[in-house]
Amino acid sequence: MNEKVYFCTKFSIMQEMILILDFGSQVTQLIGRRLRELNVYCEIHPYNKIPAIGENVKGVVLSGSPFSVRDVNAPIADLSNIKGKLPLLGICYGAQFISHHFGGEVNGSIAREYGRAMLTVVDEASPLFKGVSKTSQVWMSHGDTIAKLPQGARVIASTDDVENAAYKIDGEETYAVQFHPEVFHTKEGPQMLANFALGVCGCKGDWTPDSFIDNTVASLKQQLGDDKVILGLSGGVDSTVAAVLLNKAIGKNLTCIFVDNGLLRKNEFEEVLDSYKEMGLNVIGVHSGHLFLEKLKGVTDPEAKRKAIGSTFIDVFDAEAQKIEGARWLAQGTIYPDVIESVSVNGPSCKIKSHHNVGGLPEKMNLKIVEPLRSLFKDEVRRVGRALGIKRELIGRHPFPGPSLGIRILGEVTEEKLRILRDADDIFIKGLRSWPCELPSASYPNEMADNLYDSIWQAGTMLLPVKSVGVMGDERSYEYTIALRAVISTDGMTADWVHLPYEFMAKVSNDIINKVKGVNRVCYDISSKPPATIEWE
Ligand code: XMP
């Protein structure tokens, strides 16, 4: 993580929140998601970097962990300012941790318990189970068992196999559950978390897009004063929403730079630039496609292409930014999952591809960083964008990689290949946008999609470095192959291919082969991630 001065949007110091201490579980983020769905602001911090506990912290949640509390290197959190002083909820490892360190006992069990179990509420008067059925399905994932409860605790729920499935310590607001209320398979988990956050912790649930906008704009004004800020716009949701927020806060002191790297989709640069101008953003469009293509000449290795594109971008952006006198801040559209990954207990997960295209930019420019979306999940960014009045076409845009079509042309990038890919891609994307469908929206999970495009997380077109034989009229052809890719995902870490309607695929294939000179074959990629990735390079 960048060690420079951080301006992490802290809203008003008084924004009530729940602190989640992460012991490294795969599903810690889900606890955050569930709380945010209740309009409760929360932050995830590593168990060994507990922030100062201000009055705005209304409660604390301890996450699960891949460790056993009996491991010699098991993570240990210092709860001296928390337990008995604030409402506390231990989940899985968190429940075992409280037991192990506060007078109870945790034993290894013979078999790891993993999967669905039926929970029976023992203490029906417990605030944690208010409105929860007497028996309901929960999700277990643990190897150890809480054999003895911590001091002063009593059982409030059990399963057939696990007597101490949930407990409460008397005289304090400490609750613990062996199961995972945050995962989908715990049917009444949302109610339990609501009981904890809104009931036990007394949170008001006033964390909404509008309150986020008001708080963020106020705190940006305060922090930035009359300073000048530069922001790189990419056409993507995050940088657009960040720009509109900053524009609301500091107006003309924000200068946005939108670079045409020559690898964007058909007409994308002009259309997106026009939309930015319509929104009243102070934006400079920089045409520098020739520079990028020059740097890509003869380069075929995917990582080398990424590096060439990334470093050229930094040079172009920096040269443009130098022209803005007195700029002190660089704004970035960093969102919460990026932040959590960079401070996670086990360190950033291993990188298969170097996605951080412009990692060297802040260092090179010697500017302070402002990241107004640092606390938001992707769907929250979209909701904020909508509350800011940004057009749905912009907010609902699919993710697009920084190296753009440069990594969708396999092998060397040339003008001719770019022309072919752009034309084919345009047919595919326009086709998706105009095909009706009755599926949920990928951008707004609780709403129906406007069209096929909107139901898909990401779609794109690849130009393969393969020529094959075909016939056109009476002639033999020997031309390129286009691969279409459409996936559903929540975060790009895993993805599955979309079952596009056959009629749709038939039409798109036909249109591409008939209209795009240089293509005589179209394939559809039916691989999931893992083991494949979304992009082909
Ligand atoms: P993969 O191909 O790794 O992609 O499954 C996952 C998500 O990341 C995007 N992607 C990139 N984004 N720079 C980016 O900004 C990159 O170099 C890059 N490579 C892949 C990809 O489009 C998908 O959304």
Side-chain angles (χ1 to χ4, degrees), residues 231-242 258-265 268 272 292 295-296 299-314 316-317 332-335 337-339 341-342 348-362 371 373 377-379 381-382 395-411 413 421 425 428-429 432 442-443 453-464 483-498 525-537:
L231 178 142
L233 279 170
S234 68
V237 187
D238 304 341
S239 65
T240 305
V241 173
F258 183 30
V259 176
D260 178 4
N261 60 11
L263 305 165
L264 299 178
R265 291 182 143 135
E268 186 176 15
V272 174
F292 287 82
K295 289 277 167 57
L296 284 170
V299 185
T300 53
D301 173 68
E303 282 301 283
K305 286 205 271 180
R306 274 194 173 77
K307 296 230 161 68
I309 297 168
S311 68
T312 312
F313 179 88
I314 291 175
V316 170
F317 190 89
Q332 294 190 323
T334 314
I335 66 170
D338 311 328
V339 177
E341 178 174 306
S342 58
S349 52
C350 108
K351 282 271 176 304
I352 310 291
K353 302 176 185 176
S354 53
H355 285 193
H356 295 285
N357 324 302
V358 292
L361 192 56
E371 297 177 312
L373 308 179
F377 289 100
K378 189 82 176 180
D379 58 317
V381 175
R382 289 201 164 104
I395 297 183
R397 279 163 71 94
H398 290 171
F400 189 60
S404 318
L405 300 182
I407 54 165
R408 292 189 179 168
I409 290 171
L410 276 64
V413 177
L421 183 59
D425 182 74
F428 183 38
I429 299 297
L432 288 169
S443 344
Y453 178 92
D454 198 30
S455 73
I456 290 168
W457 194 78
Q458 184 170 11
T461 312
M462 324 291 157
L463 180 64
L464 308 191
L484 308 177
R485 182 92 164 119
V487 295
I488 41 166
S489 174
T490 46
D491 51 12
M493 304 294 281
T494 60
D496 207 354
W497 59 279
V498 174
D525 182 350
I526 52 168
S527 340
S528 60
K529 173 184 180 176
T533 50
I534 297 175
E535 304 296 343
W536 281 43
E537 281 200 333

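Along the sequence shown, the residues carry numbers beginning at 1. Remember, it's 1-based here, ligands and their atoms both numbered in the order they're listed. Hydrogens, waters and symmetry mates are skipped; everything else that's a heavy atom, side chains included, is used. Keep in mind that what you see is a predicted model, and the values were worked out from it rather than measured.
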- Task: Under the salt bridge (charged side-chain N to carboxylate O under 4.0 Å, His left out) rule, what do E268 and R397 come out as? Steps first, then yes or no, please.
- Result: CA-CA 12 Å; E268 186 176 15; R397 279 163 71 94; 2.5 Å; yes
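The distance criterion of under 3.5 Å between nitrogen or oxygen atoms is not met by G492 with respect to ligand 1. Not a single N or O atom of R408, backbone or side chain, sits closer than 3.5 Å to an N or O atom of ligand 1. Inclusion of W457 in the set of residues having an N or O under 3.5 Å from an N or O of ligand 1 is not warranted. At least one N or O atom of G402, backbone or side chain, sits closer than 3.5 Å to an N or O atom of ligand 1. For ligand 1, the polar-atom distance check against E537 finds no nitrogen or oxygen pair separated by under 3.5 Å.
Close approach of ligand 1 to P403 is summarised as follows: ligand atoms under 4.0 Å from at least one heavy atom of the residue are 13 (N), 16 (C), 17 (O). If you number the atoms of ligand 1 from 1 as listed, the ones under 4.0 Å from a heavy atom of K529 come out as 1 (P), 3 (O), 5 (O), 6 (C). The ligand atoms of ligand 1 that sit less than 4.0 angstrom from a heavy atom of R306 are 16 (C), 17 (O), 18 (C), 19 (N), 20 (C).
Of all heavy-atom pairs spanning I488 and V498, the tightest one is N-CG2, 3.7 Å.
Between E535 and M462, some side-chain heavy-atom pair lies under the 4.5 Å cut-off.
Residues passing the side-chain contact (heavy atoms from CB on, under 4.5 Å) test with S443 are R382, S441, D454, sequence neighbours excluded. Looking at residues two or more places apart in sequence or on another chain, you find no side chain to side chain donor-acceptor pair (under 3.5 Å) involving T312.
Here CD of E371 is found 11.5 Å from CD1 of I335. Values are rounded to the nearest 0.5 Å.
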